[in-house]
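One structure is given here, and the rest of the page talks about it.
Remember, it's 1-based here, ligands and their atoms both numbered in the order they're listed.
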Amino acid sequence: MVNPEFVPSDEVAQAVADGRPVVALESTLIAHGLPRPDNARVARRVESVVRAEGAVPATIAILDGAARVGLSDEQLDRIAGGRGVAKVSARDVPAAVVDGGMAATTVASTVRLAHRAGIGVFATGGLGGVHREARETYDESGDLHELSTAGVVVVCAGVKSILDVPATLERLETLGVSIVGYQTDAFPGFYLSDSGYPIDWRVEDAGQVARLVTARRMLGLDDRALVVANPLPEDVQLDPDLHDRVLDEGVERLHEAGVRGKDVTPFLLDHFHRATAGASLTANIEIIVRNAGLAAQIAVATAQQE
Ligand code: PSU
Ligand code: MN
């Protein structure tokens, strides 16, 4: 089938058709969440971690008028190196495709496109959610709604700690998105191991997640995401005092600079990377690599079960 708008790579299409394990990966964290030139290196490392666990990586992005699922190294480099790469949520994907340019997909758009490609497992760093001033700005990431529409397993280190975490947890509950902690009872805090909020359900290994995938299907609850919250170990997390200080400072600068909308998340992540002299970058890379590895184990366990 040749479809000019939606193009899974040959490798990804074949793996999906054969029922082999595949892990979807997003491109916004490459293009907007990590600084150049580390971002290209991280993108490749994440893909190689997925392969080492026995799964096929499928990084998703808009390139040359197509939503692409599974990128070549050259395509990955274009996303990582390009200035002016748009950041697109699910609603923006058709316009970005018709526009013919290059765009990076967020959690929302990646989850939708992965689902469409028949991929059941996705790894990212931290989810988008309710922003701290949402009471005034109404800024809630499109990620949340989209997670209620696609039955994908989403491995993440919770939601980004720059957000209003308890409000985001409330919204995830309202939207019916399932959450389990991976070897933890605490909802992770992205750069921090523990956000200070509990999770009701806990799993101990990838096999248990695979059983959940089956249970969800049998119960007809596989129409929304299952979030597997995977915390950074305490010895790898960012120093909590440093974290809180840099976050307060970042929010202040955000106001001074008048940054709004989809520029808020990249602005704050960039502030963290500068103000912690790279410590948050190291933590962010650890998060992404670990989540990709766990996602691959889950994809392998799920494929074995089926
Ligand atoms: N996780 C990271 N870095 C990121 C993101 C997630 O470690 O840059 C991105 C994801 O693409 C997520 C987006 O969907 O931030 C949320 O942006 P917004 O708050 O504008 O919806
Ligand atoms: Mn937003």
Inspect the contact between [Y] and [X] and indicate whether a charged nitrogen and a carboxylate oxygen are less than 4.0 angstrom apart.
{"X": "Arg274", "Y": "Asp270", "result": "yes"}
{"X": "Arg51", "Y": "Glu11", "result": "yes"}
{"X": "Arg78", "Y": "Glu74", "result": "yes"}

For [atom], what's the nearest protein heavy atom and its distance?
{"atom": "atom 11 (O) of ligand 1", "answer": "Glu26 OE1, 2.6 Å"}
{"atom": "atom 7 (O) of ligand 1", "answer": "Asn284 OD1, 3.2 Å"}
{"atom": "atom 9 (C) of ligand 1", "answer": "Lys160 NZ, 3.4 Å"}

- prompt: Does Lys262 reach ligand 1, in the sense of a heavy atom lying below 4.0 Å from it?
  reply: yes

Under 3.5 Å between any N/O of [X] and any N/O of ligand 1: does that happen in this structure?
{"X": "Ala108", "value": "no"}
{"X": "His32", "value": "no"}
{"X": "Thr265", "value": "yes"}

Any idea which atoms of ligand 1 are less than 4.0 Å away from a heavy-atom of [X]?
{"X": "Leu29", "answer": "2 (C), 3 (N), 4 (C), 8 (O)"}
{"X": "Ser141", "answer": "18 (P), 19 (O), 21 (O)"}
{"X": "Thr124", "answer": "1 (N), 6 (C)"}
{"X": "Lys87", "answer": "17 (O), 18 (P), 20 (O)"}
{"X": "Gly33", "answer": "8 (O)"}
{"X": "Thr106", "answer": "11 (O), 14 (O)"}
{"X": "His131", "answer": "19 (O)"}
{"X": "Leu269", "answer": "3 (N), 4 (C), 8 (O)"}

message: When you measure from the centre of the six-membered ring of Phe267, is the NZ or CZ of Arg253 closer than 6.0 Å and no more than 45° off the axis?
response: no

task: Have a look at Asp139 and say which of its N, O or S atoms is nearest the Mn ion (ligand 2).
output: OD1

Around [X], counting heavy atoms of other residues, nucleotides and ligands shown, do more than 12 lie under 6.0 Å from its [atom1]?
{"X": "Glu234", "atom1": "CD", "answer": "no"}
{"X": "Asp248", "atom1": "CG", "answer": "yes"}
{"X": "Arg132", "atom1": "CZ", "answer": "yes"}

message: Measuring only between side-chain heavy atoms, which start at C-beta, is Phe6 closer than 4.5 Å to Val97?
response: no

Would you tabulate the side-chain donor-acceptor contacts of residues 292-300 under 3.5 Å, counting partners in other chains and residues two or more places apart, or write 'none'?
| unit_1 | atom_1 | unit_2 | atom_2 | d |
| --- | --- | --- | --- | --- |
| Gln297 | NE2 | Glu53 | OE2 | 3.4 |

query: Do Thr149 and Arg224 have side-chain N/O donor and acceptor atoms under 3.5 Å apart?
result: no

query: For ligand 1, does Ile287 get within less than 4.0 Å through its side chain, its backbone, both, or neither, judged by non-hydrogen atoms?
result: neither

- prompt: Side chain or backbone of Val107 under 4.0 Å from ligand 1, or both, or neither, by non-hydrogen atoms?
  reply: both

- request: Answer with yes or no after comparing the ring centroid distance for Tyr138 and His131 against a 6.0 Å cut-off, counting only values under it.
  value: no

task: Nearest heavy atom to atom 12 (C) of ligand 1 wins, so pick from Asp143, Leu34, Thr28, Val130.
output: Asp143

- request: Return the minimal non-hydrogen interatomic distance between Ala108 and Asp143, and the atom names on each side.
  value: N-OD1, 3.0 Å

message: Taking 2.8 Å as the cut-off, does Glu140 contribute an N, O or S atom near the Mn ion (ligand 2), distance below it?
response: no

